[in-house]
Amino acid sequence: MQDRKKIYSEQLLQIHTDSKKRNPGKEIYATGYVIELKKDCYFAGFQEGKILCRSLEYARYFFNIHSAEQFVKEYLGYAGLRCNLCKVAWGLAVPGMEPGQREELKPYEKNGQVMNFPSYHDGVKYQKTHHLEKSTYVLPLASREKELYIAA
């Protein structure tokens, strides 16, 4: 539990530093960019010299794609590394069941497009106007924007 608090507080401090804002508390559920190291597992920091890979809610957020890319090159740049830079935005998710597996949330799509919103409140407003309150959730969702491969 102590480590989670430390990671969380470091993340808040980094958001404050990256965005140069006076009130980092407003950015707790900020959108931004994360580094996906493997499917649904994101860079969260370092612990005892090892890379921490966690779920999206514990990931380290970056203010823009350039700062995430620079971080990968500077601190995670070892030969053979493959990772994705993902944009995190508010979106709608629907429960989906795979045969023989547990329930999993999938992005809600309308006409083949994933619905993204600039804020949680915009997502809720869309949900209400389209009567989707009972069938969808408003959550931060990560979508891959750029793949990085560090060659030897």
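Only this structure's heavy atoms are used, side chains among them; waters, hydrogens and symmetry mates stay out.
Between Phe46 and Tyr75 the shortest side-chain heavy-atom distance falls below 4.5 Å. Residues Gln47 and Leu52 have side chains in contact (heavy-atom distance under 4.5 Å, counting atoms from C-beta outward). Looking at heavy atoms from C-beta onward, Val94 lies out of side-chain contact with Ser135 at the 4.5 angstrom threshold. A 4.5 Å side-chain heavy-atom check between Leu92 and Val114 finds every atom pair outside the cut-off. The shortest distance between side-chain heavy atoms of Tyr108 and Leu132 falls below 4.5 Å.
Remark: the backbone N or O of Cys41 is not paired with any side-chain donor or acceptor of Glu36 at under 3.5 angstrom. The main-chain N or O of His66 is found under 3.5 Å from a side-chain atom of Asn64 such that the two form a donor-acceptor pair.
Listed here is the closest heavy atom pair of Tyr42 and Cys86: CE2-SG, 4.3 Å. Of all the heavy atoms in Val138 and Gln127, the pair that sits closest is CG2-OE1, 3.5 Å. The two atoms that bring Leu105 and Ala93 nearest to each other are CB-CB, 4.2 Å, heavy atoms only. The two residues Tyr61 and Gly32 have their closest heavy-atom pair at CD2-N, 4.3 Å. Taking every heavy atom of both residues into account, Ile35 and Ala68 meet most closely at CD1-O, 4.0 Å.
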Steps toward side-chain contact (heavy atoms from CB on, under 4.5 Å) verdict (Lys146, Glu69): CA-CA 9 Å; Lys146 185 174 186 178; Glu69 188 171 358; 2.8 Å; yes
Test side-chain contact (heavy atoms from CB on, under 4.5 Å) applied to Trp90 and Thr31, step by step: CA-CA 7 Å; Trp90 289 100; Thr31 56; 3.7 Å; yes
Derivation and outcome, side-chain contact (heavy atoms from CB on, under 4.5 Å), residues Leu141 and Val88: CA-CA 5 Å; Leu141 301 174; Val88 179; over 6 Å; no
Test log, rule side-chain contact (heavy atoms from CB on, under 4.5 Å), inputs Asn84 and Arg144: CA-CA 6 Å; Asn84 293 298; Arg144 292 180 181 150; 3.4 Å; yes
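Centroid-to-centroid, the aromatic rings of Tyr126 and Phe117 come within less than 6.0 Å. Close placement of the Phe71 and Phe43 rings is indicated, their centers lying within 6.0 Å of each other.
More than 12 heavy-atom neighbours from other residues, nucleotides or ligands sit within 6.0 angstrom of NE2 on His130.
Here CE of Met115 is found 9.0 Å from CD of Gln113. Values are rounded to the nearest 0.5 Å. To the nearest 0.5 Å, atom CG of residue Leu37 and atom CZ of residue Arg54 are 12.5 Å apart.
Residues Leu76 and Phe62 are members of one and the same hydrophobic cluster, defined by side-chain heavy-atom contacts under 4.5 angstrom among Ile, Leu, Val, Met, Phe, Trp and Tyr.
The existence of a salt bridge linking Glu133 and Lys128 is excluded, since no basic side-chain nitrogen approaches an acidic carboxylate oxygen closer than 4.0 Å.
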